[in-house]
Protein chains: 2
Amino acid sequence: MPKKREKEKKNGPSRPGLRGRVWMDGPEGTFFGHGRAVLLERIIEHGSITKAAKSMDMAYRHAWDLVDSMNRQAKEPFVEVATGGKGGGGARVTKAGEQAIKMFWRFHKDLQAFLKREEKKLRL
Amino acid sequence: MPKKREKEKKNGPSRPGLRGRVWMDGPEGTFFGHGRAVLLERIIEHGSITKAAKSMDMAYRHAWDLVDSMNRQAKEPFVEVATGGKGGGGARVTKAGEQAIKMFWRFHKDLQAFLKREEKKLRL
DNA sequence: GAGCGTAATATAGCTGAGGGAATAACGGGT
DNA sequence: ACCCGTTATTCCCTCAGCTATATTACGCTC
């Protein structure tokens, strides 16, 4: 029977061409990248880790680990969290977190431009 | 008991900073990247898939899959292979394969320069 | 203090990628 | 005909990343 969430791995045959990724490393390894940037944006949008995780089909456990990893490695926390209280609590992205998001998307954009330039040198 | 090969995953705490990767996609997905470039170089060096795989602590099965994947996606094969015969056979990297190696390292080098430039904009 | 919805934590299960080992096929040398 | 070392193929195992589920802690509101 069709489960609620189908998950359909996007392994579709991608167009041939040059591809790339950027991320930032921290003291413990990966510190900030595409997935974490999106997660933070969803937290801003929804105000909670639970809803943010659901909205991107991610297990809460995994989302919490990512948030925890960022907060441990950043000088100032990227996410402030409240347990209990009005509505049961919630999560809020700090200024530092917002800056990280902006910085990442800038790197991401620059990389796409770089790839487009380099791809002209490509002959398969 | 201590196994023969310990495999020690290099998850060491990396220096904080900007990191990145480039690769080429083909009709079936990943077509050429860092690992495959090194593999081809080892095949040139040793003249066989078996020895190349051993030299980089990779299972023959995996190495063969990578070679097969490249040969299926490339217009001209990157590796020509001989089973049986003198010395049991062997593998040889074609001109097309050598060109792919050169092209990849060029992209790789350009990316490193790009990352170094971009990293100046980074503030953790 | 009961209810509520969230964070936080623990535990077990799933799954895909890769590893290890075993075996057959191959073909020139001797 | 046999030996040899490699390619090619098969089967099973392990491990990590992530999922799924359940339970507890929390603190505001009523």
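Lettering follows sequence order; numbering is per chain, from 1. All values derive from a computational prediction rather than experimental measurement.
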Starting from [atom2] on [N], measure out to [atom1] on [X] and report it in whole angstrom.
| X | N | atom1 | atom2 | answer |
| --- | --- | --- | --- | --- |
| A:Tyr60 | D:dA25 | OH | C1' | 11 Å |
| B:Leu66 | C:dA17 | CG | C1' | 12 Å |
| A:Met58 | D:dG17 | CE | P | 14 Å |
| A:Arg42 | C:dT6 | CZ | C1' | 19 Å |
| B:Arg92 | D:dT7 | CZ | P | 14 Å |
| A:Lys86 | C:dG3 | NZ | P | 22 Å |
| A:His46 | C:dT6 | NE2 | P | 11 Å |
| B:Trp64 | C:dG18 | CH2 | P | 15 Å |

**OP:** Take B:Thr83 and A:Thr83, find for each the nucleotide of DNA chain D with the closest heavy atom, and name the residue whose nucleotide sits nearer the 5' end.
**Re:** B:Thr83
Original post:
More 5' along DNA chain D: A:Gly85 or A:His62, using each one's nearest nucleotide?
Top reply: A:His62
Subject >> Phosphate contact (C:dG5 OP1 or OP2) by A:Thr50 side-chain N/O below 4.0 Å >> reply: no
**OP:** Return no unless some side-chain N or O of A:Lys51 is found under 4.0 Å from OP1 or OP2 of C:dT6.
**Re:** yes
Original post:
Per the atom types in the model, does the base of D:dT21 pair as donor or acceptor with the side chain of A:Arg61 at under 3.5 Å?
Top reply: no
Hey, is the main chain of [Y] close enough, under 3.5 Å, to the side chain of [X] for a donor-acceptor pair?
| X | Y | result |
| --- | --- | --- |
| B:His46 | B:Arg42 | yes |
| A:Gln73 | A:Glu28 | yes |
| A:Asn71 | A:Phe78 | yes |

Original post:
Is it true that B:Trp23 and B:His108 have ring centroids separated by less than 6.0 Å?
Top reply: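 No, the ring of B:Trp23 stays outside the 6.0 Å limit from the ring of B:His108, centre to centre.
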Original post:
Checking all strands, does B:Ser48 fall into the base, sugar-phosphate, or nothing category for heavy-atom contacts under 4.0 angstrom?
Top reply: sugar-phosphate
